[in-house]
Amino acid sequence: MLTLLKLLKDGRFHSGQALGAALGISRSAVWKQLQHLEADLDLSIHKVRGRGYQLATPLTLLDPAEIASQARACIWPVMVFDSIDSTNAQALRSIDKGVVAPFIVLAERQTAGRGRRGRKWASPFAENIYYSLVLRIDGGMRQLEGLSLVVGLAVMQTLRESGVRGAGLKWPNDVLVGQKKIAGILLELVGDPADVCHVVLGVGVNVNMQATEEVDQQWTSMRLESGNTFDRNHLVASLGMMLQRYLNRHQESGFAAIQAEWEQNHLWQGCAVSLIAGVNQIDGIVMGIDRQGGLRLKVGNVEKVFNGGELSLRLRNDS
Ligand code: ATP
């Protein structure tokens with residue numbers, strides 16, 4: 001089915017006969033595959049008697065060679081999947097099979113894209129970036145400190161350099177424009193953090209997506225913010241270079257060296273928030289973060305630090 005899509009991706013008309021000949025199948029088999037493309041991938045295809053078939057919107061698909069040619073110094077190998085449950089899940093399976101890190105897993109779509117605490121990440125075909133970078137960490141808990149915040153900063157800077165000037169951070173690792181979520185980050189770890197472990201840095205960025213019914217909170221995309229469509233191969237290359245820059249800084253100098261820059265870009269600095277931990281809620285004012293990336297919250301008259309992947313921040317109405 002995706003071979004057919006690759007023939008159509010230029011957005012030109014192709015006759016059923018030519019498509020059938022290229023694929024070695026009958027014209028009616030071409031017709032069936034077209035129906036599947038529309039139903040499964042939510043693509044719209046024009047069918048015009050005498051001219052053939054045309055994608056309503058031309059597609060640029062992910063291409064490892066194109067990414068490598070644009071990524072200059074960034075040499076992490078890239079695996080691209082047309083459709084996968086989740087790039088993080090695939091990354092974990094690859095670690096299990098002994099694939100040597102660092103490497104990147106990308107997908108055109110995720111059928112079970114995931115956020116924190118088992119939440120779903122909406123991942124339509126060929127519109128966004130679904131990206132997992134795998135790193136091996138050798139006996140250095142320090143290398144994990146604040147790591148998800150560092151990834152958020154790198155994603156935010158990539159968006160800004162690409163023209164989404166309003167991108168900012170929400171603790172611990174969301175990237176927002178105003179109140180709308182444009183990118184999410186999910187770190188997963190396997191192995192012994194005090195000895196040898198692998199960390200999967202999962203990143204989802206809304207790139208060209210213009211509509212979805214699958215997201216139950218305010219969201220946006222690079223296209224909605226700027227009015228432009230973006231070349232995802234170019235963006236993946238830019239993200240890789242930015243991540244490399246921030247990860248090197250983090251490795252050399254620790255999170256403390258990045259703390260101030262992170263705080264400067266925190267959209268909710270000084271805001272009145274509620275911190276949600278399961279059924280518990282703590283109200284306070286955001287003071288910033290500490291040297292390990294923990295949230296500093298003024299609760300009453302006392303400053304407290306909160307850490308952990310299960311915590312969520314919400315703005316309070318009175319802020
Ligand atoms: P937090 O608890 O820190 O506020 P969150 O509620 O945003 O985080 P995450 O685990 O970071 O949760 O992300 C999953 C949530 O993000 C989903 O429950 C959904 O509301 C939203 N979401 C899912 N897909 C997308 C998407 N493509 N773009 C923006 N938001 C999405």
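Please read these numbers as outputs of a predicted model, since none were measured by experiment. As the structure lists them, so they are numbered: ligands from 1, and atoms in each ligand from 1.
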Ion pair D40/R109, N-O distance below 4.0 Å: no
Sub-4.0 Å heavy-atom contact, E214 with ligand 1: no
Residue R117 vicinity, atoms of ligand 1 by number, heavy atom under 4.0 Å: 2 (O)
Side chain to side chain donor-acceptor pair (under 3.5 Å) assessment of Q70 paired with E66: CA-CA 6 Å; Q70 300 200 30; E66 186 62 32; 2.8 Å; yes
Ligand-side contact atoms (ligand 1) for residue partner N206, heavy atom cut-off under 4.0 Å: 26 (C), 27 (N), 28 (N), 29 (C)
Protein heavy-atom partner closest to atom 17 (C) of ligand 1 - residue, atom, separation in Å: K120 O, 3.5 Å
W171 N/O under 3.5 Å from ligand 1 N/O: no
Heavy-atom gap K180 to ligand 1 smaller than 4.0 Å: no
Sub-4.0 Å heavy-atom contact, R114 with ligand 1: no
Sub-4.0 Å atoms of ligand 1 with respect to non-hydrogen atoms of D174: 3 (O), 4 (O), 7 (O), 8 (O), 11 (O)
Geometric class of the W31/Y53 ring pair [parallel <30°, tilted 30-60°, perpendicular >60°]: tilted
N or O pair under 3.5 Å between W219 and ligand 1: no
